[in-house]
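Counting starts at 1 for both ligands and their atoms, in listed order. All values below were derived from every heavy atom in this structure, side-chain atoms included, with hydrogens, water molecules and symmetry-related copies excluded.
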Amino acid sequence: MRVSFAEFWALTGLLWQLMVLPVRALDLDTTSKDSICDATDLIQGGIMDYYAGSQYGGTVGTFQEPYYWWEAGAVFGGMLENWFLCQNDTYEQVIYDSMIAQAGPDYDFMPSNQSMVEGNDDQGVWGITVMGAVERNFTNPSTKGAPGWLAMVQGVFNLMYSRWDDQHCGGGLRWQIFTWNSGYNYKNTVSNGCLFQLAARLGRYTGNDTYLDVAEKVFDWMVDVGYIVLSDTANVYDGATIDENCTDITKLEWSYNQGIVLGGAAYMYNATNGSSTWETKLSQLVGGSTKYFFRNKIMYEATCQDSNSCNNDQRSFKSIFSRMLSLTKILAPFTAEKIDPLLTASAEGAAKSCSGGTDGHTCGINWEKGSWDGMYGLGEQASALEVIQSLLFDQRPAPYTDSDGGTSVGDSSAGLNKTTTNVLQSDLKITHKDRVGAAVLTAVVLAILLGGSIWMVF
Ligand SMILES: *[C@@H]1O[C@H](CO)[C@@H](O)[C@H](O)[C@H]1NC(C)=O
Ligand SMILES: *[C@@H]1O[C@H](CO)[C@@H](O)[C@H](O)[C@H]1NC(C)=O
Ligand SMILES: *[C@@H]1O[C@H](CO)[C@@H](O)[C@H](O)[C@H]1NC(C)=O
Ligand SMILES: *[C@@H]1O[C@H](CO)[C@@H](O)[C@H](O)[C@H]1NC(C)=O
Ligand SMILES: *[C@@H]1O[C@H](CO)[C@@H](O)[C@H](O)[C@H]1NC(C)=O
Ligand SMILES: *[C@@H]1O[C@H](CO)[C@@H](O)[C@H](O)[C@H]1NC(C)=O
Ligand SMILES: *[C@@H]1O[C@H](CO)[C@@H](O)[C@H](O)[C@H]1NC(C)=O
Ligand SMILES: *[C@@H]1O[C@H](CO)[C@@H](O)[C@H](O)[C@H]1NC(C)=O
């Protein structure tokens with residue numbers, strides 16, 4: 001048989017590819033730290049395929065379109081945990097540069113080219129990530145002019161809390177920060193949940209009771225309006241509009257809403273030395289979290305996964321949810337008995353789903369299938385990362401506080417000089433064209449909302 005020159009090269013090329021690009025499956029031994037960290041190395045490699053900061057013309061700290069700014073915050077939060085849990089500094093610089101770049105000129109996570117469309121939830125999710133940097137003693141900022149991570153979180157907290165609105169619904173934060181954005185009349189759980197959680201974490205970390213008081217106030221408000229319904233299996237709903245005084249509740253349940261509220265309650269429980277009031281609330285939230293988002297012990301996004309209608313945001317929710325369940329069982333050890341078997345089974349399922357794509361370890365969304373389901377994306381990668389690394393939380397120290405291991409420098413008055421009004425007047429320099437652009441964009445969001453498919457985070 002004769003092989004032509006072209007065929008020869010084609011065959012050699014193929015063989016070469018097979019040799020140098022071995023398809024690596026993701027084997028997971030849930031009891032071995034090395035195995036868990038090998039698996040998460042492969043998954044993080046997949047995350048970096050979507051990272052825009054290392055591409056020509058890309059922006060440090062953001063991912064490719066169509067992934068929104070907030071999701072970058074969430075993903076770096078998961079990678080920061082991996083840095084701590086696996087003690088691997090491969091992505092330390094990427095995470096550091098991303099947080100510094102997206103903090104913006106005032107280090108409050110309102111970079112001027114995002115704040116046109118930025119909501120309280122977007123800022124809050126980045127705040128949660130930077131709080132992770134504080135509690136994990138992540139490399140302190142050495143960039144000229146940058147304050148400590150703690151001061152940045154305090155800035156985010158102060159700004160968000162300055163937007164507390166007693167005029168409607170008896171309190172609460174609106175979803176949007178700026179009046180021209182549709183969604184300005186919607187008060188959502190995730191914005192308030194982030195404020196609650198940041199307050200609880202700042203209170204535990206600094207020992208300053210003022211934060212705990214705010215956390216209590218935000219939580220009580222969410223219960224008052226019925227966004228959180230306490231029972232043995234507590235519900236956490238999405239939000240409502242101020243038009244009906246927050247009574248027209250959108251009763252959709254998302255794992256990240258439940259998770260952010262759950263995590264905040266675990267910090268409150270721990271910060272109050274295991275007080276019985278927080279023990280009760282936390283148990284109720286654990287009851288809901290472990291009931292609504294697991295099937296045969298495996299985590300799923302109940303509201304959209306079966307109908308295959310999860311949007312890009314929703315496909316990432318299991319990542320924060322996994323992190324919050326892990327933190328909960330560390331800060332409130334009495335919950336571990338209930339949470340651990342679910343995380344282990346879900347991690348095993350997720351690992352099996354990470355067997356797709358040309359690299360052989362691309363992750364899917366359905367962890368019950370036992371193999372890859374054909375779905376892929378940044379959210380799928382981030383969720384698999386966080387559920388698999390959840391198995392390591394017991395092996396590393398609990399989140400530090402400033403009296404036992406934390407070194408971040410704070411400033412409890414950070415952000416207080418920058419109110420929404422002067423953001424509008426000085427920082428943004430918004431032109432008429434920008435306003436029209438933002439109005440069109442948010443009109444699209446509103447249309448989708450009203451059309452029934454919910455696009456909660458912008
Ligand atoms: C750290 O992570 C990198 C990239 O994910 C990996 O190549 C390396 O083997 C890891 N190092 C250790 C000590 O596990
Ligand atoms: C946003 O602004 C930063 C500088 O503050 C810049 O580096 C980045 O390219 C901008 N991003 C976009 C998407 O325009
Ligand atoms: C609006 O809702 C708040 C919170 O539930 C409640 O305290 C207040 O009485 C309500 N106001 C009216 C006018 O119904
Ligand atoms: C928790 O316990 C510590 C040490 O026993 C104590 O200093 C602190 O005041 C307690 N905090 C609360 C809220 O009970
Ligand atoms: C608070 O968290 C620490 C760290 O995990 C844990 O040792 C402690 O028992 C927790 N406190 C309570 C009251 O459970
Ligand atoms: C925290 O980081 C500082 C500065 O890098 C270091 O000196 C200190 O040992 C770290 N603390 C812990 C508990 O790891
Ligand atoms: C506690 O936090 C509050 C709210 O930010 C601040 O006003 C107060 O100065 C802080 N207290 C101390 C002792 O740092
Ligand atoms: C905030 O304003 C006070 C007084 O108005 C000033 O002393 C302080 O330096 C300002 N802080 C920042 C971060 O601009």
Side-chain angles (χ1 to χ4, degrees), residues 22 24 26-29 32-49 51 54 75-76 78-96 108 127 131-143 146-164 195-196 198-218 271 354 359 361 381-382 384-385 388-389 392 395-419:
R24 283 185 61 195
L26 200 142
D27 294 314
L28 180 67
D29 171 354
S32 153
K33 183 177 173 194
D34 285 347
S35 168
I36 294 165
C37 291
D38 283 350
T40 56
D41 280 348
L42 293 179
I43 295 173
Q44 290 194 110
I47 288 180
M48 293 312 287
D49 290 343
Y51 183 56
S54 49
V75 170
F76 290 120
M79 291 178 68
L80 193 148
E81 288 298 316
N82 191 267
W83 166 87
F84 181 79
L85 297 165
C86 289
Q87 295 160 282
N88 184 326
D89 61 9
T90 303
Y91 297 116
E92 180 177 316
Q93 196 67 43
V94 170
I95 301 166
Y96 177 94
D108 55 6
M131 192 67 211
V134 174
E135 293 170 349
R136 294 320 200 172
N137 196 33
F138 187 75
T139 322
N140 285 309
S142 52
T143 308
W149 303 123
L150 177 59
M152 294 188 209
V153 181
Q154 287 168 315
V156 168
F157 168 83
N158 285 334
L159 271 172
M160 288 178 72
Y161 190 47
S162 74
R163 302 177 192 131
W164 186 260
L195 179 63
F196 164 59
L198 288 173
R201 290 172 84 156
L202 286 171
R204 174 180 174 275
Y205 185 87
T206 63
N208 181 338
D209 286 343
T210 308
Y211 295 117
L212 300 183
D213 294 343
V214 172
E216 193 120 17
K217 171 173 163 180
V218 180
C354 294
D359 60 5
H361 50 259
Q381 291 299 121
L385 170 69
I388 291 174
Q389 71 192 18
L392 294 174
Q395 300 182 31
R396 298 282 294 137
Y400 298 125
T401 67
D402 68 359
S403 57
D404 81 354
T407 56
S408 194
V409 179
D411 170 7
S412 64
S413 67
L416 285 178
N417 290 2
K418 183 172 170 178
T419 64

Atoms in ligand 1 with a heavy atom of T90 nearer than 4.0 Å: 1 (C), 2 (O), 3 (C), 4 (C)

message: Angle between ring planes, Y161 versus W164, binned at 30° and 60°: parallel, tilted or perpendicular?
response: tilted

message: Just verifying a value: how many Å separate D27 CG and C354 SG, rounded to the nearest 0.5 Å?
response: 11.5 Å

task: Verify, without hydrogens or angle tests, whether E135 (side chain) and Y400 (backbone) share a donor-acceptor contact under 3.5 angstrom.
output: no

query: Which of the atoms in ligand 1, numbered in the order shown and given with their element, are less than 4.0 Å from a heavy-atom of N88?
result: 1 (C), 2 (O), 3 (C), 8 (C), 10 (C), 11 (N), 12 (C), 14 (O)

message: Could you measure the distance from the CG atom of D411 to the CE atom of M152? Nearest 0.5 Å is fine.
response: 11.5 Å

task: Validate the cation-pi geometry between R396 and F84: distance from NZ or CZ to the six-membered ring centre under 6.0 Å, angle to the ring axis within 45°.
output: yes

- prompt: Is the gap between the ring centers of F157 and Y211 under 6.0 Å?
  reply: yes

Report all N/O contacts between ligand 7 and the protein shorter than 3.5 Å as a table of atom names and distances to 0.1 Å; if there are none, say 'none'.
{"unit_1": "ligand 7", "atom_1": "2 (O)", "unit_2": "N208", "atom_2": "ND2", "d": "2.3"}
{"unit_1": "ligand 7", "atom_1": "11 (N)", "unit_2": "N208", "atom_2": "ND2", "d": "2.8"}

field: Under 4.0 Å to a heavy atom of N137 - the qualifying atoms of ligand 6, by number
entry: 1 (C), 2 (O), 3 (C), 8 (C), 10 (C), 11 (N), 12 (C), 14 (O)

- prompt: Does any N or O in the side chain of T40 come within less than 3.5 Å of the main-chain N or O of Q389, such that one atom is a donor and the other an acceptor?
  reply: no

